[in-house]
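Working notes, structure below.
Hydrogens, waters and symmetry mates play no part in the numbers below; they use all other heavy atoms, side chains included. Nothing here was measured: the structure is a model prediction, and the numbers come from that model.
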Amino acid sequence: MSRVRLVRSDVLTAEVDYAYASVVPAGTRLVHLAGACPLDADGRTVAPGDPVAQAHQVVANLRQALADAGAGIEDVVSTRVLVASTDRSDLVAVWDVVRAAFGDHDVPSTLLGVTVLGYPDQLCEVEAVAVAHG
């Protein structure tokens, strides 16, 4: 059972595919992850020009970082999804990949279009906060 309680609202009734807030019990150890980037094992940006392919790599790297920290997708408290694009369809395409990875665990998230990200050819990144086990 997850220690993350997702908060819905009876007042904020816009149809969104994420919770408005999350709550964890007092004393819970949190993990603040660096942004997961679309890098392969050699540190190269995968799939230049393809935000969807990059989003899949980002999710894989996020899952690994979570596992290394003693957590999983179901332990994520919130995310911030960054997409280097002014085209809303690119943002939505990346969001769809990230959102699908979380399944029923629809954590509070922010989706942002930004001008540039840190690695050459990088189009997306996901930051997360999670609950650690143990």
message = So which atom in Ala132 and which in Ala69 form the shortest heavy-atom distance, rounded to 0.1 Å?
response = CB-O, 3.9 Å
task = Report the residues that fulfil side-chain hydrogen bond (donor to acceptor under 3.5 Å, both in side chains) with Ser109, sequence neighbours left out, ordered by chain and then residue number.
result = Thr79
Polar contact flag, side-chain donor to acceptor under 3.5 angstrom, Arg3-His133 = yes
query = Going hydrophobic residue to hydrophobic residue with side-chain gaps under 4.5 angstrom, can you get from Phe102 over to Val83?
reply = yes
ask   = Hey, does Val81 have a side-chain heavy atom less than 4.5 Å from the side chain of Val94?
value = yes
Nearest-0.5 Å distance that lies between atom SG in Cys124 and atom CG in Leu82 = 9.0 Å
Validation row: Leu6, Pro108 side chains within 4.5 angstrom (heavy atoms) = yes
request  = State yes or no: do Leu91 and Val16 share one hydrophobic cluster built from I, L, V, M, F, W and Y residues joined by side-chain heavy-atom distances below 4.5 Å, directly or via other members?
outcome  = yes
note = Sorted by chain and number, sequence neighbours left out, side-chain contact (heavy atoms from CB on, under 4.5 Å) with Val23 holds for Arg5, Val7
message = Going by the rule side-chain hydrogen bond (donor to acceptor under 3.5 Å, both in side chains), which residues pair with Arg80 if we only count those two or more places apart in sequence or in a different chain?
response = Glu127
message = Counting C-beta onward and ignoring hydrogens, is there a side-chain heavy-atom pair between Ser22 and Val107 closer than 4.5 Å?
response = no
request  = Measure from the side-chain N and O atoms of His105 to the backbone N and O of Val76, and report whether any donor-acceptor pair falls under 3.5 Å.
outcome  = yes
request  = Compare every heavy atom of Val116 with every heavy atom of Ala84, then report the nearest pair and how far apart it is.
outcome  = CB-CA, 4.3 Å
inquiry  = Quick check: is Leu62 connected to Val114 through a chain of hydrophobic side chains (ILVMFWY, heavy atoms under 4.5 Å apart)?
reply    = no
message = Side-chain heavy atoms nearer than 4.5 Å, only ILVMFWY residues, links allowed to pass through others: does that put Ile73 and Val31 together?
response = yes
Set of residues satisfying salt bridge (charged side-chain N to carboxylate O under 4.0 Å, His left out) with respect to Asp106, sequence neighbours excluded = Arg8
ask   = Quick one: salt bridge (charged side-chain N to carboxylate O under 4.0 Å, His left out) partners of Asp104, sequence neighbours excluded?
value = none
Only pairs under 3.5 Å count here: list side-chain donor-acceptor contacts from residues 52-59, not counting sequence neighbours, and write none if there are none.
| from | atom 1 | to | atom 2 | distance (Å) |
| --- | --- | --- | --- | --- |
| Gln54 | OE1 | Leu123 | N | 2.7 |
| Gln54 | NE2 | Val46 | O | 3.1 |
| Gln54 | NE2 | Ala47 | O | 3.3 |
| Gln54 | NE2 | Asp121 | O | 2.9 |
| Gln57 | NE2 | Leu39 | O | 3.2 |
| Gln57 | NE2 | Asn61 | OD1 | 3.1 |

query = Relative to each other, are the rings of Tyr18 and Tyr20 parallel, tilted or perpendicular (30° and 60° limits)?
reply = perpendicular
ask   = Linking I/L/V/M/F/W/Y whenever any side-chain heavy atoms sit under 4.5 Å apart, do Val98 and Val92 land together?
value = no
ask   = Is a donor on one side and an acceptor on the other found under 3.5 Å between the side chain of Gln64 and the backbone of Leu66?
value = no
inquiry  = Any heavy-atom pair between the side chains of Asp17 and Arg99 that's under 4.5 Å?
reply    = yes
request  = Side-chain contact test, heavy atoms from C-beta onward, threshold under 4.5 Å: evaluate it for Leu30 versus Val131 and give yes or no.
outcome  = yes
query = Side chains of Asp87 and Ser89: donor-acceptor distance under 3.5 Å anywhere?
reply = yes
key: Non-hydrogen atoms of Asp40 and Asp42 that approach each other most closely   = OD1-N, 2.9 Å
